Student: 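Below you'll find the structure I mean.
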Amino acid sequence: MLTVRQFSGGRTARLALALSLIPALFAVIYLVRPWGITPNEFLVDLFRELVVPTLLPIVVLLPATAAFGNELEDGTLPYLLMKPVTRLRLAFGKYAAVLLVTVPALLVGVAAATLVASRGPDAEDLRRLFLAMAGASAAGAVLLGAVFLLVSLVVPRALLAGMIYIFAWESLLGRFLPGVQAVSSREYTLRVFNGLWDGDSAAASNAVMTMVVVAVVCLLLAVWRLRGIQIN
Amino acid sequence: MTKPFTQASSEPDSDGLPGLAPGEEAVIALRGVAKWYGEVVAVSDLTFGIGAGVTALLGPNGAGKSTILNMVSGLIAPSSGTVRVLDRPVRRDTMIYREIGLAGEQEQLYGSLTGREFVRLNAILQKTPDPDGAAENAIAIVDMASAAGRALGGYSKGMRQRIKVAAALVHDPRVLLLDEPLNGTDPVQRASLIALIRRLGNEGKSVVVSSHVLPEVERFARNVLVIVNGKLAAAGDFRTIRERMDERDHMVRVRCDDPRRLAAALVAEPITKSIRLSGDGRFVAETNDVRRFSLLVPEVAKREGIRLFEMQPVDESLASVFSYLVGK
Amino acid sequence: MSASTGQYGEIFDRGYLHYGGPRLGQTHAVWALARYSMARALGIRRPWTAKIIPMLLYAAVAIPVLIAVGIRAFFPAFEFLDYAAFFGAIFLLVGIFVAMIAPEMMSSDRHDRLLPLYFSRPIGRSSYVVAKLLAAGLLTLSMSVVPAVVLWFGNGLLADEPVAALRDSLDDLGRIAVAGTMIAFYLGAIALMISSFTGRKSIAVGVIILGFVLSESLSLAISEALRDQPDLARWTFAISPSRTIAAMVGQLFDEPDLAADIPLNASLGVMAVVIAICCVVMFAWYRRRD
């Protein structure tokens, strides 16, 4: 409740929305001078190479680490902790706020990119592609929102740590060590996307299940961390 | 160290805790509480109770007042001992916060909210039945109605103090913890805050106000807890404490190689009122003139051929802290 | 004099002393602020939690270099890491490094409202910016130049005739110095400029890293779109720090793949212009703030 207020109209929400619209910018460049690929191929490339590995994690990272991180940094967390609200509800409230900011922003961004690209040459029906991208984005936000919320309660400089995770862990190590992919959020987000896109709903729902389970575990750890937190 | 002395130390009281009048019930109870950070001990050996009415938590800066308030609020956990509010453990059960309001020392508030939104938000999170009414009421109580529509980011220090107090009492809690609420307020605001604190105390709430200025506290609290170096140094009615301080002013602790003989020689002198031997090469003497006594002791020791190691007023730290608090 | 009004007024000499020590001047003040900023960014005299990430980054850049020197020691013929590969690979690390230090230097001062304190002291607005630039640039050298010099030294010492090898490869050392210094001040200036716009460290960190990453994708997309005008398309590298750096490194160390036909003067010029723009923006920004 508080966090929604804190975000909505706040700088973080605007930043999340602005970042989410970056794919549309790429779509505009594509539209001005399409480089010999169909809108379909362009969008799939865009989603796989830019949105999933980079943009999605950062759009989620900013509000998720800010949710508790800013309160810790500013010392306003006592106002939330000293209320007759269980730590469970507090964590889930913050989590809901993060999703309320990020998921609509991501959907708007994906929709805008799809709309712009759909005016390119030889556009097919992009609805299914849009749904696949939207679903994968939402699933990614559900997972990463919970992970980063937990990180922000445990690690100082959570955002920097998150960035290093996104860029160093997922992109560098993921390339060299295939094993890293098994614990990579990008991998699971892509599985959801591929599942929805190829119509393999079993694969998609499997990936979604894993992501939800990890998210719930992270949130419970966050609740546990909130119970023991010491504020000076 | 001698046992902390209290107003009621001679008679047992219902909770058996220092700081409470006989038969008074503890609203806040600390038992054997200590808090340390690594090697640094912030507070230790705290056992006391706080009842209804206004209680001042007095001590110089860094004595551990905020640590105590934060432990009572459940924001930090004691390293050992128990903290109970209304006979329930804090930090276990968040429902206790319906009965606790804290105006803490932290400066930052949600800068983008207005004063009214901030107080209202606290009311909502407290699940007050009528958050708007409660917020308006609390804002009126601290005289902030005219500035309540402005963003907190632009508030002056005195305004922030008052809006924090409003947020702390918006849900009408039975326990109100105010950490140096008079800091940064101008004389008019100060007077109205003091009147407010007195009124809340008279209504039967437990109001704990921390401060490092005794004259300020005298205007709303008779009951004080004096914290020195993280330990409870005195508790009870502050006038009584003061009288006993004056008494203590006449106690001198002496250490020498033959305390028995020196004590016997000193007792013969007219300015020595009494002497208590403590066995470890020391004794504590009571005199009605410390200055003359302190000249007398070495003289007597020399005459008797006794080696004098050390001579100092009893509990100098408390004495100096007290004179600092009184603003001498 | 107030004596004419006939009222009593007196000023007591309570023995306040003027500062009698030497006045060290502007340069010293700038250097002091720069030194303090560097220490703060590395987490020196702060809790160990503030030191972890700098340490990790230093470890991340040191380990490959040490491994490379180690491999060289046992398999002289095998070149595991050459300078071009090193500078190509450290862009990400240096990027994260400046994204860590610059917000610590700029945003914290805004968040903690320290600027009025600085500006009421001998540190003026422009010398504040200069000090921060100096701090960011010098600190970043420790990520860019120092490891490369270690690599160079290791390569030289492990040669059959160390002294001769070192002497012969002196021009490599010069290239390392140019590349490392340019990278440090170029990325440092960009990161400082971004950080100076916000008091929230987290937002600054996010925007800096994202800016580095996205600018590359953006410039590639634009160059893709300009495919039929290769002359124009080539210049899209200027948008992207990573491509600019790659171009410079490619020319310096003779790697045509990296250089992508972009002349050395062009990439160096772009970097100089970007540094200048960042400085001008910061000077203007801090001049206006009260």
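Since this is a predicted model, take the numbers as computed values, not measurements. Below, chains carry the letters A, B, ... as their sequence lines are ordered, and counting in each starts from 1.
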Student: Do you know the tightest heavy-atom contact between A:Pro84 and B:Leu125?
Tutor: CD-O, 3.7 Å

Student: Does CZ in B:Arg88 sit with more than 12 non-hydrogen atoms of other residues, nucleotides or ligands closer than 6.0 Å?
Tutor: yes

Student: Show me the donor-acceptor pairs within less than 3.5 Å that the side chains of residues 170-179 of chain B make with the rest of the protein, sequence neighbours left out.
Tutor:
unit_1, atom_1, unit_2, atom_2, d
B:His171, NE2, B:Tyr97, O, 3.4
B:His171, NE2, B:Ile100, O, 2.9
B:His171, NE2, B:Gln126, NE2, 3.3
B:Asp172, OD1, B:Lys205, NZ, 2.9
B:Asp179, OD1, B:Ser210, OG, 2.6
B:Asp179, OD2, B:Ser66, OG, 2.8

Student: Please determine whether side-chain contact (heavy atoms from CB on, under 4.5 Å) holds for the pair A:Val85 and B:Thr94, giving the CA-CA distance in whole Å, both sets of side-chain angles, and the decisive distance to 0.1 Å.
Tutor: CA-CA 6 Å; A:Val85 177; B:Thr94 49; 5.8 Å; no

Student: Using the ring-ring contact (aromatic ring centres under 6.0 Å, His included) criterion, which residues pair with B:Phe48? Sequence neighbours excluded.
Tutor: none

Student: Output yes when a side-chain donor or acceptor of A:Arg227 lies under 3.5 Å from a complementary backbone atom of B:Arg91, and no otherwise.
Tutor: no

Student: Would you say CZ of B:Arg84 has more than 12 non-hydrogen atoms from neighbouring residues, nucleotides or ligands within 6.0 angstrom?
Tutor: yes

Student: How far apart are the C-alpha atoms of B:Asn70 and A:Gln230, what are their side-chain angles, what is the distance that settles it, and do they pass the side-chain contact (heavy atoms from CB on, under 4.5 Å) test?
Tutor: CA-CA 9 Å; B:Asn70 282 342; A:Gln230 309 248 355; over 6 Å; no

Student: Once rounded to the nearest 0.5 Å, what's the spacing between atom CD1 of A:Ile229 and atom CD1 of B:Ile76?
Tutor: 12.5 Å

